[in-house]
Amino acid sequence: MSKEKDTKKELHLCVETVSFMLKIVCKEKPQLIVLYVLRIFADIMEKVQDVLLPKFIIDELVLVLSGADVSQHMKSAAFYVVFTILLQLLKNVIKNITFQWENVLAEWFDEYIDLQMADHAMRMDYEHTENPKALEVLNKAKEGMSWYSGGVIGVLGNFYTVISNVIVMLGVITVIALTCPLLIPVQLLALVIIVYFGLKNKQIDVESFLRLAKVNRMFTYIFWEMSDYKYGKDIRLYGSKEMMGRKARGLSDEMCGAWREQAERQRVNSWGIDIVNSFRDGISYFYIGFLALTKRISIGDFSMCIAAASSLYWSLYNIVNGFMDLSRRCNYAHNYLEFLSYPEAMVKGDKTVVDDTHEIRFSHVSFKYPRSEKYVLRDINLTIKSGQHLAVVGLNGAGKTTMIKLLCRLYDVTEGEILIDGINIKEYSQEEYRKLFAVVFQDFQLFAFPLKDNVILDQEEDEKKLWSILAQVGLKEDVKKLAEKENTLIFKSYDENGVELSGGQQQKLAIARALYRNAPIVILDEPTAALDPVAEYEIYKQFNALVGGKTAIYISHRLSSCKFCDRIAVFAGETIAEYGTHEELVGKTDGIYAEMFAAQAQYYVEAQV
Ligand code: ADP
């Protein structure tokens, strides 16, 4: 019963995956269907050439040998020969063209799927990036759609194999049924036994694969670590090359051992297949020979039956094997469909944000991270007027970054609401809403692209603006010195001429990116941690001047950097413990801000900064 259920499920999965892919093909590249139709014609031509035409040629020649009219029968024989040659030529041309064409389409579909996947991943709720279940679905979709299933062409190519073999099988069965019908049960019986041995071998394949997968992962990890230049320092300085080499050799031995064992276990089944094949051929020859000798079929029919028997066997074999392979591929590729339909938790609004000036209001906002019971923020009430510069301070883990993530709607609040211009941010279209912000997070990311692309991203390119911003963040002179100036690649990931920027330079570049975006609300979430206090103070001061009348939020644990802000919010005990101007807060006896400021001022005095 459960096996029946499994088969039903597998069939359903196959139907769903194949129809999904056919839909993509019809929408994006219908020429693939034309390609497969052409190939079916080529396959049919091949069978006509292998099975039917030799019969006609042989029958004509036998007639000539047995004394019939030479000129008439030789003419017919010559006609069949020429027809065979032309058919073969046409078939080969079609096959060659369609194979080349298919390779190009395979590349196209691989890229298409990668882009669709990246696009969908970017649209998914941000919280999914930390959700192990969602990440597993994403990884399975990636692997399933590339390696394991062969992607769109891998699955549809397999589907084509099944269909084309069914067509060929129907044709061949008709020929056999009319001339030597007993061949059908012989081929079927042989196939059943061979599939049995084949399945046993496949089971051994799966067991070996599972055993090898772990060893392979470790081997690949060591191999990449040894060849990744980023690890080069540690590997050289700690002399770990030998140790890693030893580990790699050990793993390699283990892999060879597993392959050997697999070959030994499969040997008996392979012998079984060879023996059944020999019996199948022997019985077929005996039976068809008997029909020919007793003059029930012609010599031409004899040749046709031999070819048809072999064709029937192979088409049946290809259908069974092709279907099993299709089911395996669909099983993997279906992960992609599951990824595309992964449920979204966030409400998606459609309102657009119109004005340039915006008032932000947190109203009784409380928040706990998904899958966590602990509240990180409780009952936050805060209004940031348009053009106001707010500093957010507090100890590590006080919830400052979380507050920014909520404002940018990377997460939704657990309780309360965040309003922009009096409207709950959930009601805005996410894409439109995010255009309001230029944020530099502590863990900002630079890409291994040209430097200017890291600043401009998807904004309009403006060289003058780019250089002016690079000058403002203090990077202009550094960039001018680079081999290819603003076009120099960042990192050496795929170009040895790429540049490795210092921590400080990277942070300046991230700030340049925020400035280039020219959004109405700018946020700096301690992207200056790698800078010394003086450099940070300078950057914040300069940034504050550059931001001008825009709304700005600065997070820093160095209070000196916040002095120039209009208001300061001190986060402590999951909420805003103090709020006011620098002067108000610094003058508060027993105040958290006053205490922190005094402690840091002391440090600066001691350090003589
Ligand atoms: P701050 O920016 O003030 O240093 P954060 O907002 O980064 O503090 O973190 C506040 C609290 O939330 C910390 O206890 C931290 O461990 C927790 N936290 C931060 N990010 C996550 C997350 N993605 N999942 C679960 N807890 C988190």
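Just so it is clear, the values below take in all heavy atoms, side chains as well, and ignore hydrogens, waters and symmetry mates. Every number for a ligand or one of its atoms is a count from 1 in the order of the listing.
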Heavy-atom nearest neighbour in the protein, as seen from atom 1 (P) of ligand 1, with distance rounded to 0.1 Å: Gly397 N, 3.5 Å

Please indicate, with yes or no, if any protein heavy atom is found under 4.0 Å from atom 10 (C) of ligand 1? yes

Heavy atom of protein inside 4.0 Å of atom 16 (O) of ligand 1, strictly below: no

Can you label the angle between the Phe109 ring and the Tyr112 ring as parallel, tilted or perpendicular, going by 30° and 60°? perpendicular

Determine, for Arg567 against Glu584, whether the closest basic-nitrogen to carboxylate-oxygen distance falls under 4.0 angstrom. no

With the threshold set at 4.0 Å, does a side-chain nitrogen-carboxylate oxygen contact exist between Glu417 and Arg361? no

In ligand 1, the atoms that come under 4.0 Å of a heavy atom of Tyr411 are 23 (N)

Has Ala398 got any heavy atom lying under 4.0 angstrom from an atom of ligand 1? yes

Looking at ligand 1, would Gly394 count as a contact under a 4.0 Å heavy-atom criterion? no

Before we go on, tell me: are the rings of Phe20 and His334 under 6.0 Å apart, centre to centre? no

Please work out which of Thr401, Thr402, Asn396 has its closest non-hydrogen atom nearest to atom 2 (O) of ligand 1. Thr401

A student comparing Tyr375, Tyr369, Phe441 should find that the heavy atom closest to atom 18 (N) of ligand 1 comes from Tyr369

Do any N or O atoms from the side chain of Gln506 and from the backbone of Leu501 form a donor-acceptor pair under 3.5 angstrom? yes

Donor-acceptor contact present, side-chain Ser149 to main-chain Gly144, <3.5 Å: yes

Is there at least one pair of N or O atoms, one from Val376 and one from ligand 1, spaced under 3.5 Å apart? no

If a pair satisfies ring pair (Phe, Tyr, Trp, His ring centres under 6.0 Å) and one of its residues is in residues 406-428, list it, with sequence neighbours excluded. Tyr126-Tyr411, Phe367-Tyr411, Tyr369-Tyr411, Tyr428-Tyr433

Mind checking whether Leu395 contacts ligand 1 via backbone (N, CA, C, O), side chain (CB onward), both or neither, at a 4.0 Å heavy-atom cut-off? backbone

